[in-house]
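Okay, structure first, notes after.
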There are 2 protein chains.
Amino acid sequence: MAAVVTSPPRGSRAARTRATEDRILSVALESFGTKGFDSVSLDDLAADLGITKQAILYHWSSKRALLDAVIDRAALELIIEFDGALSEEGSGWSRVESIVRRIFRVAMRRPELLGFIREISRIGGDASLRVTADLEPFVSRATTYFEREMDEGRIRRCDSGLLLVSAYSTVLGAATEVEVLRAVGIEPTLRSTVVRRRELLSFLHAAMVAPQALNAQVPR
Amino acid sequence: MAAVVTSPPRGSRAARTRATEDRILSVALESFGTKGFDSVSLDDLAADLGITKQAILYHWSSKRALLDAVIDRAALELIIEFDGALSEEGSGWSRVESIVRRIFRVAMRRPELLGFIREISRIGGDASLRVTADLEPFVSRATTYFEREMDEGRIRRCDSGLLLVSAYSTVLGAATEVEVLRAVGIEPTLRSTVVRRRELLSFLHAAMVAPQALNAQVPR
DNA sequence: ACAAAAACTTACCACTTGGTAAGTGAATCG
DNA sequence: CGATTCACTTACCAAGTGGTAAGTTTTTGT
């Protein structure tokens, strides 16, 4: 209720603008990701930020333009979180394992980020196209990575696009289950998370690893 | 745009009321499940139905009361779709397989139903409590079923509640991937569905079947 | 046949929504 | 320093929101 009175930053004007836009995008991502785009009004956002709605409309010409900016930021943060994992050391399987661990870490620490992506795919239309376009370089890298792993026999050969989408949805489903648990009143424990992650790794191992690659470490 | 002029049903008053409420609940479930609760106004619903908003408010005192009714209907339909699978014939594993097949069938034919449940868990609060309460008898039955399967050694022993939630999220994630595919512009093909279902069954088999129960048919 | 109740509609209303127009004090530039 | 631009705020507004009040027609109980 009581607005947070933050003394305006004393840096250069450009820095101040950047800081404000950053704050707006951050709060918008959080709100849109947890409550949904239509459930959050510009007045709600402004109240959370301690500014007026028109301050937001000064930086972006419409609520929809703000959404586009939030999509870009969410995609960027996702790429930052996950892209590094593709470059990591280790054999094919252990790298997959590290990616999954990262996703779970993100799901635990920043559920609104994955929730936002889901929200966008429900809004559909231009929003979906935009997030798809934003993530294309990453998807492309991941596909190339999978193709190479298949070529070298560390992963069973299959449609790599299908594999990616399939892995995405399964992992996202398992990871965002945190939300469902919370909704039902069960605060997710560390143990339940560990159990789920282990089961998921077992699944991915069964689904992805080539049968002849028995030298790969079998989880569980 | 042009309202569908349906001649009012000529049956008894009670039957007519039931038919109208049924139509409203059906359209509301569809809309809430795909667009989200806050994104659908009572005027939108009424326009889809060819009636006025006040006709809806005659049957339920508020939009929130309508949501509760939709929750009850969605839970009922879910139970109808899945509960029978628990009573089916067959060994432990083949029954799990039939449940998964059912879920995929529902996800393909009625994506809005699973989408609605997800929407509810995002709304949280009383709505989540209500759907949880509605589904409790089914969850209870499923838990009992799992416990018995474990007792008889057909499923590896573990926390049955955890197993249920885990299976729920994983299967729901895999099944509702249809939505994501559509959002990205890929109309899900029969083949991709078959592939995903096969992979999921492989996962569940690895995660659930007890190691010594090697007489169970191994999928894939 | 007739009054009462049911199943609606038409007419409103207070409030919220995204968005516009005009003003204001501080930072920046000449 | 002085004019101007920037980053806002205050003041509005038309459209849409959930919801109320008061009819109107059709079915129902007596």
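In what follows, chains are A, B, ... by sequence order, proteins preceding strands, each numbered from 1. Heavy atoms only: backbone and side chains are in, while hydrogens, waters and symmetry mates are out.
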Legend entry - Length of the CZ-C1' vector between A:R16 and D:dC8, whole Å: 7 Å
Name every donor-acceptor pair, under 3.5 Å, that has one atom in a side chain of residues 133-141 of chain B and the other anywhere in the protein, sequence neighbours excluded.
unit_1: B:R141; atom_1: NH1; unit_2: B:D83; atom_2: OD1; d: 3.2
unit_1: B:R141; atom_1: NH1; unit_2: B:D83; atom_2: OD2; d: 2.3
unit_1: B:R141; atom_1: NH2; unit_2: B:S87; atom_2: OG; d: 3.0

Legend entry - Length of the CG-P vector between A:L45 and C:dT16, whole Å: 17 Å
Legend entry - N/O donor-acceptor pair under 3.5 Å between B:R102 side chain and B:E81 backbone: yes
Inset, instruction - Answer whether the closest heavy-atom distance between the side chains of A:H59 and A:L25 falls below 4.5 Å. - result: no
Inset, instruction - Determine which pairs satisfy salt bridge (charged side-chain N to carboxylate O under 4.0 Å, His left out) with at least one residue from residues 26-42 of chain A, sequence neighbours left out, and list them in order. - result: none
Inset, instruction - Grab the CG-P distance between A:D43 and D:dT17 for me, whole Å please. - result: 17 Å
Legend entry - Results of side-chain hydrogen bond (donor to acceptor under 3.5 Å, both in side chains) for A:R101 - residues two or more places apart only: A:E97
Inset, instruction - List for me each residue that meets side-chain hydrogen bond (donor to acceptor under 3.5 Å, both in side chains) alongside A:D22, sequence neighbours excluded, and say none if there are none. - result: A:R73
Legend entry - Atom pair distance, as rounded to whole Å: CD in B:E21 and P in C:dA6: 13 Å
Inset, instruction - Mind listing the residues from residues 54-68 of chain B sitting with a heavy atom below 4.0 Å of DNA chain D? Number order is fine. - result: B:Q54, B:L57, B:S62, B:K63
Inset, instruction - Give a yes/no on whether any side-chain N or O of A:S41 is located under 4.0 angstrom from OP1 or OP2 of C:dT17. - result: yes
Inset, instruction - Could you check which of C:dA6, C:dG18, D:dT17 has an atom nearest any side-chain atom of B:T17? - result: C:dA6
Legend entry - Any B:T20 side-chain N or O less than 4.0 Å from OP1/OP2 of C:dC8: yes
Inset, instruction - Rounded off to whole Å, could you give me the CG-to-C1' distance for the A:L42 and D:dT17 pair? - result: 16 Å
Inset, instruction - Just jot down the side-chain hydrogen bond (donor to acceptor under 3.5 Å, both in side chains) partners of A:T17, sequence neighbours excluded, or say none. - result: none
Legend entry - Distance, rounded to the nearest Å, where A:K53 contributes NZ and D:dC12 contributes P: 15 Å
Which atoms of nucleotides 2-5 of chain C (N or O only) lie under 3.5 Å from a protein N or O atom, and what are those distances?
none

Inset, instruction - Compare the minimum distances between each of D:dC8, C:dG19, C:dT9 and the side chain of B:T52, then state the nucleotide with the smallest one. - result: C:dT9
Inset, instruction - Any pair with a residue in residues 25-58 of chain B that passes ring pair (Phe, Tyr, Trp, His ring centres under 6.0 Å), sequence neighbours left out, goes on the list, sorted by first then second residue, please. - result: B:F32-B:F37
Inset, instruction - For A:R64, check side chain to side chain contact (heavy atoms under 4.5 Å, CB included) against everything at least two apart and list the hits. - result: A:S62, A:L67, A:D68, A:D126, A:A127
Legend entry - Length of the line joining A:L49:CG and D:dA7:P, which is rounded to integer Å: 17 Å
Inset, instruction - Using whole Å, report how far CZ of A:F37 lies from C1' of C:dG18. - result: 10 Å
